[in-house]
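See below for the structure under consideration.
For the numbers below, each heavy atom of this structure counts, side chains included, while hydrogens, waters and symmetry mates do not.
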Amino acid sequence: MAEREEDEEEAWLQLRPVEPLPSQCCGSGCSPCVFDLYQRDLARWEAARASKDRSLLRGSTSQSCPSELNPETFMAFPISAVDRLSKDTYLVRFALPGNSQLGLRPGQHLILRGTVEDLEIQRAYTPISPANTEGYFEVLIKCYQTGLMSRCVKSWRVGDTAFWRGPFGSFCYKPNQYGELLMLAAGTGLAPMVPILQSITDNAEDETFVTLVGCFKTFEGIYLKAFLQEQARFWNVRTFFVLSQENSPEHLPWSYRDKTRFGRLGQDLVDELVGSCRRKPFALVCGSAEFTQDMARCLLSAGLAEDAYFLF
């Protein structure tokens with residue numbers, strides 16, 4: 001009898017949800033986070049164990065491949081193209097079944113799952129393709145020398161499969177929601193700005209002004225130049241660039257010289273940009289932790305602390 005009870009107890013312990021590792025949290029404040037899902041499944045397991053009713057576990061979700069994008073479960077997407085934009089940045093295209101759409105709204109992001117040496121990791125990325133793109137979506141990914149997810153991305157080949165869940169993000173842009181958007185982006189922080197910007201210029205009834213500031217190390221390192229040049233031709237869009245490792249406009253194309261500054265984006269330039277906006281702007285910020293902290297201080301001094309959102 002005692003042996004049977006021990007076997008039953010062991011069976012229940014094998015069904016107990018496994019607590020996520022710290023590496024499995026992307027740190028982006030997603031809801032539900034992997035730890036939220038764990039606590040939910042743990043409570044469900046404890047209730048099932050107390051009542052000795054395994055049917056109560058059937059509501060738990062698995063890390064599998066559902067038929068539609070879901071914040072709680074990962075969906076498999078085949079990789080259809082991998083383009084290396086620079087020595088450390090890739091533009092990756094993921095195929096969608098048929099002519100389906102991803103279903104994200106401008107401003108939302110996804111969570112990517114990767115595995116390195118049996119260690120599961122998760123990171124947040126924002127697709128840069130328009131929300132109404134059919135049959136695929138594209139993601140701009142920067143790789144770091146010591147980054148775990150970077151090792152996964154560098155190993156990707158066409159035909160491989162990647163796993164995503166989402167959408168996430170409490171900021172969802174609505175046409176004419178703001179008089180003007182001041183977009184402050186550093187490096188691949190440009191990514192979440194792209195679908196928002198394109199949704200504005202694709203909509204003839206959206207009269208939102210946009211001032212986009214992209215911060216990069218060098219002119220050669222500016223992402224998506226052709227796209228940004230095309231967007232800057234719209235009547236309601238201005239683009240500026242700040243280059244931290246260059247100090248002269250002489251080698252820049254003429255079309256960039258008047259809208260490029262050198263050094264770092266700081267209080268003086270933020271104040272100048274805010275003052276030049278045609279309407280009181282709402283600021284969107286995305287970049288490294290250091291960049292977002294600097295911009296938070298600058299926007300506070302510029303009187304925009306309540307009119308800003310920090311994207312992932």
Subject >> Side-chain donor-acceptor contact under 3.5 Å, Ser276 with Arg238 >> reply: yes
Can you tell me if Glu134 has over 12 outside heavy atoms packed within less than 6.0 Å of its CD? yes
Could you tell me whether a side-chain N or O of Arg165 sits under 3.5 Å from a main-chain N or O of Pro71, the two making a donor and an acceptor?
yes
Is it the case that over 12 heavy atoms from other parts of the model lie below 6.0 angstrom from the CG atom of Asp83?
yes
- Going through the checks in order, is the side chain to side chain contact (heavy atoms under 4.5 Å, CB included) test met by Leu104 and Leu69? CA-CA 9 Å; Leu104 264 67; Leu69 193 65; 3.5 Å; yes
Using a strict threshold of under 4.0 Å (side-chain N to carboxylate O), is an ion pair present between Arg278 and Glu180? yes
Begin from the C-alpha positions of Arg261 and Glu272 and carry the test salt bridge (Lys or Arg N to Asp or Glu O under 4.0 Å) through to its verdict. CA-CA 12 Å; Arg261 302 294 181 87; Glu272 180 183 333; 2.6 Å; yes
Query raised in the report: Would the Phe77 and Tyr136 ring centres measure less than 6.0 Å apart?
Result: no
| query | Does the distance from a Lys or Arg side-chain N to an Asp or Glu carboxylate O, for Lys87 and Glu220, drop under 4.0 Å? | reply | no
Note to self: With side chain to side chain contact (heavy atoms under 4.5 Å, CB included) as the criterion, how do Thr126 and Leu311 come out once you've worked through the C-alpha distance, each side chain's angles and the decisive distance to 0.1 Å?
What the structure shows: CA-CA 9 Å; Thr126 302; Leu311 296 163; over 6 Å; no
- Carboxylate-amine/guanidinium contact Arg151 Glu117, below 4.0 Å: yes
Closest non-hydrogen atoms of Ala185 and Met193, given as atom of the first, atom of the second and distance, are CB-CG, 4.2 Å
Report the C-alpha distance between Leu140 and Tyr223 in whole Å, list the side-chain angles of each, state the deciding distance to 0.1 Å, and finish with yes or no for side chain to side chain contact (heavy atoms under 4.5 Å, CB included).
CA-CA 9 Å; Leu140 186 68; Tyr223 304 129; 4.0 Å; yes
* For the pair Phe282 and Phe171, name the ring-plane relationship: parallel under 30°, tilted 30 to 60°, perpendicular over 60°. => parallel
field: Geometric cation-pi criterion, Lys142 with Tyr90: 6.0 Å, 45°
entry: no
Answer yes if the ring centres of Tyr256 and Phe241 are under 6.0 angstrom apart, and no otherwise. yes
- With a 4.5 Å limit on heavy-atom distance, are the side chains of Val237 and Leu212 in contact? no
Check your understanding: Okay, side chain of Asn236, backbone of Glu207: is any donor-acceptor separation there less than 3.5 Å?
Key -> no
Show your reasoning for whether salt bridge (Lys or Arg N to Asp or Glu O under 4.0 Å) applies to Asp160 and Arg157. CA-CA 6 Å; Asp160 289 348; Arg157 299 293 181 268; over 6 Å; no
Test side chain to side chain contact (heavy atoms under 4.5 Å, CB included), reference Pro281, set Leu181, Thr211, Leu304, output is Leu304
Side-chain heavy-atom pair Phe291, Val285 within 4.5 angstrom cut-off
yes
Could you go step by step and tell me if Thr133 and Gln101 meet the side chain to side chain donor-acceptor pair (under 3.5 Å) rule? CA-CA 6 Å; Thr133 300; Gln101 299 178 0; over 6 Å; no
Open item on the list: Using 30° and 60° as the class boundaries, would you call the ring planes of Phe137 and Phe94 parallel, tilted or perpendicular?
Closed with: parallel
Both conditions, 6.0 Å and 45 degrees, for the charged tip of Lys225 above the ring of Phe227: are they met here? no
Flag if over 12 foreign heavy atoms under 6.0 Å of NZ, Lys174:
no
Return yes if some donor-acceptor pair links the side-chain N/O of Ser150 with the main-chain N/O of Thr146 below 3.5 Å, else return no. no
Next on the checklist: When you compare the side chains of Thr208 and Tyr173, does any donor N or O come within less than 3.5 Å of an acceptor on the partner?
Outcome noted: yes
Near Lys280 NZ, under 6.0 Å, is it more than 12 heavy atoms from other residues, nucleotides or ligands? no
task = Output yes when a side-chain donor or acceptor of Thr201 lies under 3.5 Å from a complementary backbone atom of Gln231, and no otherwise.
result = no
Answer yes or no: is there a donor N or O on one side and an acceptor on the other, between the side chain of Thr260 and the main chain of Arg257, under 3.5 Å?
no
**Request:** Would you indicate whether Trp254, at its atom CH2, is surrounded by more than 12 heavy atoms from other residues, nucleotides or ligands within a distance under 6.0 Å?
**Result:** no
| query | Taking the side chain from Thr89 and the backbone from Ser86, do they hold a donor-acceptor pair closer than 3.5 Å? | reply | no
Go through Glu120 and Thr115 one step at a time and tell me if the side chain to side chain donor-acceptor pair (under 3.5 Å) criterion holds. CA-CA 4 Å; Glu120 183 179 302; Thr115 304; 5.3 Å; no
